[in-house]
Participant: 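I'd like to ask some things about the structure below.
None of the values given here were measured: they were computed from a predicted structure. A, B, ... follow the sequence lines: proteins, then strands. Residue 1 opens every chain.
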Amino acid sequence: MPVFYGTEVASALMLGTAQYPSPAVLAEAFRASGAGIATVSLRREQGGGQDFWSLIQGLGTRLLPNTAGCHSVKEAVTTAHMARELFGTPWIKLEVIGHTDTLQPDVVGLVEAARILTEDGFQVFPYCTEDLGICGRLRDAGCEVLMPWGAPIGSGMGLNNPYGLRSLRAHFADVPLVVDAGIGLPSHAAQAMEMGYDAVLLNTAVARAGDPAGMARAMALAVQAGRAAFLADPMAPRDMAAPSTPVLGKAFLT
Amino acid sequence: MTITLNGAPLQTGATTLADLLHEAGFGPKVATARNGAFVPAGLRASTPITEGDRIEVLAPMQGG
């Protein structure tokens, strides 16, 4: 199972807490998913915060607060400090958003914020792209986990750049890697795990499914299958057919 | 005096951030910022509220 900053978590599935039709459906989906980590955020208190706190405490998962919606280093760093106090964890899913339509990370701001937060004792989970250079900078800034996107947040498009993700996996062989964002189907999650990713983080694919608990279960199975396949050392693909049934001994019947 | 609390104007007589939270009836599970800077819980009682302050009071919320 994945180890993040020295802490082993019970599942390679990390699940978001947003967009569920009701708190009861959220809780049911988490039970079905077996997720070991729940992502959360913080927003202006308008009456629901205290009940939500009770709800997530009952999930039995570790909490990973995010800095979603932050577009500047200062905003992200301040939000991280507020999250650390509120949720009582040094873990922070660091998002510094660079583009409104694609929610693409501002990777320059991300590296800067990661450095500031790491120096202040945070354990940073950066939402990043699959760029090798930027991921190297994030490692230099102190990140012991990297979370490249599969596709834009909430798009459900799956892994847009499998080559880049494979390359990242090969380049950072000893660093825990999580595909964060863009997963729409269990097959996408399985694909990431088959590549050797340590975990996947998803939210919309489960929360917006017609049956969130059913989809949570499907995602859990896909993550397990993908991980088992990676550990079993998959065959290499080839262009031409290779008969699986022995040719030797075939009857001469013409 | 008039301040801005979570984006909305508010008339208040509170002199410290701790007083303001009490006056506005917030629950215990909140994090605070004053004029864009984080204020740890332990400093709320000694953080003054002054005219025009922008106060943010955040709570745990759904997130992805």
Participant: Looking only at heavy atoms and a cut-off of under 4.5 Å, which of B/Ala33, B/Gly27, B/Ala37 has the most pairs with chain A?
Facilitator: B/Gly27

Participant: Which members of residues 12-23 of chain B, sorted by number, sit under 4.5 angstrom from chain A on a heavy-atom basis?
Facilitator: none

Participant: At a heavy-atom separation under 4.5 Å, does B/Phe38 approach chain A through its side chain, its backbone, both, or neither?
Facilitator: both

Participant: Under 3.5 Å, side chain of A/Thr17 to main-chain N/O of B/Gly63, donor-acceptor pair present?
Facilitator: yes

Participant: Taking all non-hydrogen atoms of both residues, which atom of B/Val30 and which atom of A/Gln50 are closest, and how far apart?
Facilitator: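 The pair with the smallest heavy-atom distance is CG1-NE2, 3.9 Å.
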
Participant: Locate the shortest heavy-atom distance separating B/Arg44 from A/Glu85; write the atom from each residue and the value.
Facilitator: NH2-OE1, 3.4 Å

Participant: What distance do B/Leu5 atom CG and A/Glu45 atom CD have between them, rounded to the nearest 0.5 Å?
Facilitator: 11.0 Å

Participant: Find the distance between NZ (B/Lys29) and CG (A/Asp51) and round it off to the nearest 0.5 Å.
Facilitator: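 If I round to the nearest 0.5 Å, the distance is 14.5 Å.
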
Participant: Would a distance-only check, ignoring hydrogens and angles, find a side-chain to backbone donor-acceptor pair under 3.5 Å from B/Gln62 to A/Gln19?
Facilitator: no

Participant: Select one option (side chain, backbone, both, neither) describing which atoms of A/Glu75 are under 4.5 Å from chain B's heavy atoms.
Facilitator: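 Looking at A/Glu75, nothing touches chain B.
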
Participant: If you compare all heavy atoms of A/Arg44 against all heavy atoms of B/Leu58, which two are closest, and at what distance to 0.1 Å?
Facilitator: N-CD2, 3.5 Å

Participant: Could you work out, with ring-ring contact (aromatic ring centres under 6.0 Å, His included) as the rule, every residue matching A/Tyr20, not counting sequence neighbours?
Facilitator: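 By the ring-ring contact (aromatic ring centres under 6.0 Å, His included) rule, A/Tyr20 matches no residue at all.
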
Participant: For each of A/Ala83, A/Gly47, A/Gly49, tally heavy-atom pairs with chain B at distances under 4.5 Å, and name the one with the top tally.
Facilitator: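 Top option by heavy-atom pairs under 4.5 Å: A/Gly49.
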
